[in-house]
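Residue numbering restarts at 1 for every chain, and letters A, B, ... go by the order of the sequence lines. Fair warning: this is a prediction, and the values are worked out from it, not measured in the lab.
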Amino acid sequence: MERTESIGRKKARPKEAPGGHKTQKNLWAWGLDNSLDACDANGITSSMTRSRNKISFVCLSPTGGFLRARFCAALPVLFLLSACHRENRYFTPPSQSDIPPTQVRMSGLVAGEASLQFREQQRREYEGNAYHVSEGKRLYMWFNCYGCHASGGGDSGPPLMDDRWIYGGEIDQIYLTIVQGRPNGMPAFGGKIPSQQVWQLAAYVRSMGGHGPKSARSGRDDHMQRDSEQGRKDEEIKPTAEPR
Amino acid sequence: MDERSTGLHSIGDAMGRHAQDIDALWDVMLWVCGFMYLLVVGFLLLALFRRGPRRDINDHTQAHEERGLSASLATWTGLIALGLFGLTLFSYFTDRSLVQAAADAQIAIKITGHQWWWEIEYTDPNDPSRQLRTANELHLPVGTPVKISLESRDVIHSFWVPSLHGKQDLIPGRDNDIEILADKEGVYRGICAEFCGLQHSKMHLDVVVESKDGYSAWYERQLQAASPPSDPLAERGHGVFMATACNMCHTISGTDAGGSTGPDLTHVASRRFIAAGALQNHRDNMRAWLANPQAIKPGNHMPIVSLSADQLDALTAYLGTLQ
Amino acid sequence: MSANATEGTHDGEWLDERETRWRLDRTWSQGRGWLAALSTVDHKQVAKRYFVTAFVFFFLAGVLALLMRLQLSRAENALIGPDLYNQLFTMHGSTMMFLFAVPIMEGLAVYFVPLMCGTRAIAFPRLNAFSYWVYLFGGIMLWVAFALNIGPDAGWFAYTPLSGPEYSPGKRVDFWAQMITFTELSGLAVAIEIVATIFKQRAPGMALNRMPLFLWSMLVMAFMILFAMPSVMLASTFLIMDRLVGTHFFNAAEGGDALLWQHLFWFFGHPEVYIIFIPALGIVSAVVSAFTRRPIFGYPFMVLALIAIGFLGFGLWVHHMFTTGLPRLGSSFYTAASMVIAIPSGIQIYCWIATMWQGKPRFATPLLFVVGFILVFVIGGLTGVMLASVPMDLQLHDTYFVVAHFHYVLIGGAVFPLLAGTYFWYPKVTGRMLSERLGKWNFWTLFIGFNIAFFPMHYLGLAGMPRRVYTYGQGLGWDSLNLVSTVGAVLVAISILILIVNLVRSRKHGEMAGANPWDAPTLEWATPSPPPTYNFRHIPLVASADPLWQHREQLPVMRGLSVDKRELVLTTVLDAKPDVREPVAKPSIWPFISAIAVGAMFIASIFTPWAVIFGSIPAAIAITVWFWPKGAPPPDEEESEP
Amino acid sequence: MKSPRDNEPLPPQFMGTLAFLPPHAHGNRSLTWWGMMGLVAIESTAFVLAIAAYFYLATHSAEWPPDQLVPSVAAGNVFSVISVLSLIPNLWLKRVAEAEKLKQVQIGLIVMSVVGLALMPVRYFEFASMHVSWADSAYGSIVITILALHTVHLVTDLYDTLVLTALMFTKHAKGRRFVDVAENALYWNFVVVAWFPIYAVLYLAPRFL
């Protein structure tokens, strides 16, 4: 796995190693660019990007002429970088291993340096990507997580949107919880859900608690908002700007 | 894939009552509009290139032809109005005949749109237990009016089989239906006609119109549960199906697989196409699809499940037995 | 007192023409330097920016179209994936409609309405500057988002629930919805200016029945904007609220309805087509009249037809929704209404051809484009008649037949006239002629390329090819015509390149034009090319619909407006009797600053709803400073702008 | 401007003078009035469409409002009464502005500012008396949105009035500024008139639908 270091706070974005997971054919040949390569130009990302699904018009900006130069210069680099990753649609799993390096630990509270790094990487990769989070939301319904945890408020299973975690609330800990199952009713989905989908689920679960960049989180659902009378009352009392 | 295998999909190949009515209307429209166009072009060319007296602004004599032009403006307007009136009437009566329901639809079918495939449910009005679920391949008896109710699980789709009828949208939260009546046996291609996201392009549907006997036979066959695999390879494939991600989303009746978010695979091998019309259904395509569905339909909801080559072979073989 | 000097007189003595011009130049100077460039309120300067900006967007959206055509040139092409392709066609449609077609028509109005009215400035010139900046910022925002892979991907029509919070993750659709807010705000502002200018600032004597048809068409367009655009602003507000603060307008499970979006969108979307098309009718009338050297045949019919189209345009929106399962009887009503609109369009076509019949056609490039317009547009109109029929639409809706139809209507009905207008008015705007030779090349490559590109699409649609597909299977029989279509698209691109060469080259090397190179009849030709900042040295007095054909030796004018203050004359609505002397606003940087404040508020609101509250404070401050009168007020009057 | 000879337009033939025209006028003789009418047209359309959306959603819902959560009418009534009464000083203000009487205009503007400020807390209670959040249901969404839409107009006009009040106490308070005051008063009329259909929709429609 290849990682690049940041040129500043928040700017680091781990990129995956070259691998056979390009879903779209190479646009290079047509002289088209990739916005992620625009990131490259800033020396941030690694040599290989995952999804060549963007034409960069940074060089062809809409106003042309004198406005263009000024305008390009004014682009906040940080915004550019985060946007590149946040909005990509990743259809294929990364080629490097995405299995947490630390093994089964029920408490999940102690983590070594390597696993901290890994955790950071997975958080950026999944929590920071709107498509992953939204896929996680879809799978949450598909695999009936909803059946026990409701919309995060908890039912027969524990709530997922508060800060209390029995088995750890970090993304890799949630991953392990899903994969391994937990006593008192949480089934083990290891082998039943492909790894990338588990990460997406974990990222969505994290986003329920307000983790991850706000701009990557999902909006409201397209189904009933109220799972229970309690949830209903809560909403009546205090309308939230960020409904689940 | 050759043209024959995709089935008819042209508005001109009208093989159902409704499509034929619309096709007749099309012919009239084409002739009337073509005639109007030729009139315009003729008048334009004549106006530009005619010989004879022309006046410009410096010529103050009151143009003699002014009256003639005014009169022909009235004629022209009348002609347009008449043509439009005729077309509107014709269109209206065609529409009446389209919505005229056949006495009683004998088969009730529900089609549910998903991103990006069609779920099809047949109910036998006489025997509710004879209900069956399939996907992406609609079988119909020839000459029998069928009422299809259309629903959507996610976004708006549109059900369209050009050879049989116009489209009808599948809208979440609304109940639409469409009646179709196929006159000729054959295979027709249905297409999702409302933009529905990443794989809108690959959301097709096969409509197989059979003789009534053929249809009944098909129906009976589809009602059967899947037969247990006989050869060892398929047996192993069955194991793979049950042990990995497959059964999270797919149902194979007669087995433990009961996932409901993906297409029902009980008789997947009997279908002409897989992946909602994206691939013809044969061994190599099936294997390629299982190995990497995202390469064939990027963004579709079937994930890449990492399977070894052996497992893939076994799984392909198993699915091949689900006739 | 010199501050009271007026044209023609100075303290009771005659000012000679030289002195008048010198004083007017000084009074109406827009200044120099970058600050002056950002502060200008000259409608011609602003309009030129509209032209350039809209053309750049046209070019960019055209590049996207070429990419799409390349992708579709063969079956199962792997050049572009679905994610990018969806962004491409969304950007193409949105840019062409919101950032090119409407703004370029607005730009045309902003440039020529005051000139044709014979007035010195557009009404509310600072608002005009503001609306341009807002439009520019909205367009830049959308394209920057696209470059950052936040390009909208739910189609230019953004149907819910696909565009809603559940199926369009991230900020892509939010940027699209805010772009709507930007451009519609800009469009509404321009519409108000146009209505006020045409109603109140026409030259003395230019009664309504002496107004050039171009002005009539711009008036109808402005009214349509006023009543159509609020609909899409409301819709996009609903959408963005659904996405960002969790409202349920389009959520069926909570009492919302997905079709509400379609009703609101098409209540705007169909008039939108006429908002683009009606100004084009005005251009065609101007060109036909000038190049046949006849007044347009049947002026009253033309005016009535324009107004009828304007009204009927609001009664058709449901014909975009025939397949959604609405009650059939209601649908038939919309069929009839949609067909009826062909009558006024037919009358217009007839009147132009009748004018050509009477007059002496001069086959210069503008007239060629008009002929191309008629040949192409009528096909689009007739396929429109087909699509208006419910049964036909059930088959043809959302197929390539529709793609062919509306490109015949929009390229035929708007781009051809626009190019006619470009060749016609370029001399007025720049003072130089465009090359006729390149113009003919431009026309023929466009005409041929366009038909090669789009005619086959009719057949593709009939053959079952749906719209908005990023690829199609082999064996469906759609390959060869798609390839033909792509070849045609390349020819169109070549044509546009020829146009660009012509525009750029002629700017420096074109033949000098003079005030009225075409011997055209309307007032914009009664002033030098390019016109001075104040448009007219003296306010014309109009006695007919074709003043420059009526008066060959001397132009009747009114004197009495100040040469030392920015002033124009307001006239009565119907008869254009002189009524009031109106001061005109001076240049100001504050419209620009206000546009920045408003733009920042819009963009920030994509990320937090609180931006609407906090962002409105700087916006309110900036706008207040803009309106606050500057300097010491003169004894009884001071300059300002409402 | 360097121009060739033929870039000179036709020589002028003076037919009369505009010099004696008044420097400003009220009502539809002024540009401001036309600009204001444009705004009113746009905003009326927005209101009409929002109300149409309300009834559209109402006819497509099984229960309207959901759970019989009918809004309390008190705050809305207070708002209605105050805004109707405000028409009296407002029409007077418009008249004195057109007569260009500075003292009276100043008084009228202060009164209207006070009225506008007084309406703000009432409006706050109106939001509360809807008993529904925009995130609850489509009913909540459209009701809150319509109310917010009207509030935007209220706030805009209040701000405009405050600015004009300040302006009319400066040296600029003459001539065309009276036109601005009169047109602002006209806009207030619109805000009040627009309130009535909205009142009917928000408070009465849920009771009768």
Side-chain angles (χ1 to χ4, degrees), chain C residues 6 8 123-124 188 191-192 195-196 199-200 226-227 230-231 233-234 241 245-249 251 254-257 260 263-264 512 514-515 526-529 532 538-539 541 551 553-561 569-570 578-582 620 624 628-629 632-633 636-638 640 642, chain D residues 1 3-4 6-25 28-32 34-35 38-39 41-43 45-46 49-50 53 56-57 60-61 63-64 66 134-142 144-145 159 163 167 171-172 174-177 179-180 183:
Chain C
T6 59
F124 316 122
L188 288 166
I192 291 180
V195 170
F199 273 160
K200 292 302 291 175
L226 289 184
F227 294 110
S231 181
M233 278 187 87
L234 199 68
M241 280 161 63
V245 301
T247 56
H248 296 287
F249 291 105
N251 178 10
E254 286 285 9
D257 187 61
L260 174 61
H263 281 292
L264 286 173
M512 294 305 282
T527 184
S529 310
H538 312 286
I539 303 302
L541 179 68
H551 306 283
E553 306 300 322
Q554 276 192 311
L555 190 69
V557 297
M558 302 289 279
R559 59 191 179 80
L561 284 189
V569 59
L570 297 188
D579 189 22
V580 180
R581 275 169 33 208
E582 177 83 4
T624 309
W628 196 271
D636 58 353
E637 198 51 68
E638 78 266 25
S640 86
Chain D
M1 195 183 349
S3 54
D6 69 345
N7 206 15
E8 263 303 293
L10 292 175
Q13 177 189 11
F14 292 105
M15 308 292 284
T17 179
L18 303 167
F20 305 110
L21 295 175
H24 67 265
N28 65 9
R29 292 173 65 200
S30 76
L31 271 185
T32 319
W34 285 91
L39 276 182
I42 292 166
E43 284 151 16
T45 313
L49 288 168
Y56 181 90
L57 290 170
H60 285 81
S61 294
E63 205 188 3
W64 192 268
W134 63 80
D136 282 355
S137 64
Y139 169 78
S141 306
I142 187 72
I144 299 292
T145 304
Y159 181 74
V163 171
L167 184 63
K171 59 187 174 179
H172 299 288
K174 53 178 68 164
R176 308 180 47 74
R177 299 285 84 82
V179 182
D180 295 348
E183 300 315 328

Query raised in the report: Rounded to the nearest 0.5 Å, what separation is found between the CG atom of D:L10 and the CD atom of C:Q554?
Result: 8.5 Å
Query raised in the report: Hey, does the side chain of D:S141 reach the backbone of C:H248 with a donor-acceptor pair shorter than 3.5 angstrom?
Result: yes
Report task. Check whether any side-chain heavy atom of D:W34 lies under 4.5 Å from a side-chain heavy atom of C:K200, and answer yes or no. Result -> yes
Report summary line: Heavy-atom closest pair (D:L21 atom, C:R581 atom, distance to 0.1 Å) is O-NH1, 3.8 Å
Query raised in the report: Can you check whether D:I144 reaches C:T247 side chain to side chain, under 4.5 Å on heavy atoms?
Result: no
Query raised in the report: If every non-hydrogen atom of C:P230 is compared with every non-hydrogen atom of D:I42, which pair is closest and at what distance?
Result: CG-O, 3.7 Å
Query raised in the report: D:L39 versus chain C, heavy atoms under 4.5 Å apart: side chain, backbone, both or neither?
Result: both
**Report entry** Carboxylate-amine/guanidinium contact D:R29 C:E582, below 4.0 Å
**Finding:** no
Report summary line: Between C:F227 and D:T45, the two heavy atoms sitting closest are CD2-OG1, 3.2 Å
Report summary line: The interface call for D:S61 against chain C, heavy-atom contacts under 4.5 Å, is side chain
Requested in this report: Applying side chain to side chain donor-acceptor pair (under 3.5 Å), name anything that partners C:T624, two or more places apart in sequence or on another chain.
Outcome: D:Y159
Query raised in the report: Looking at C:V195, C:L260, C:L234, C:L226, which has the largest count of heavy-atom pairs under 4.5 Å with chain D?
Result: C:L260
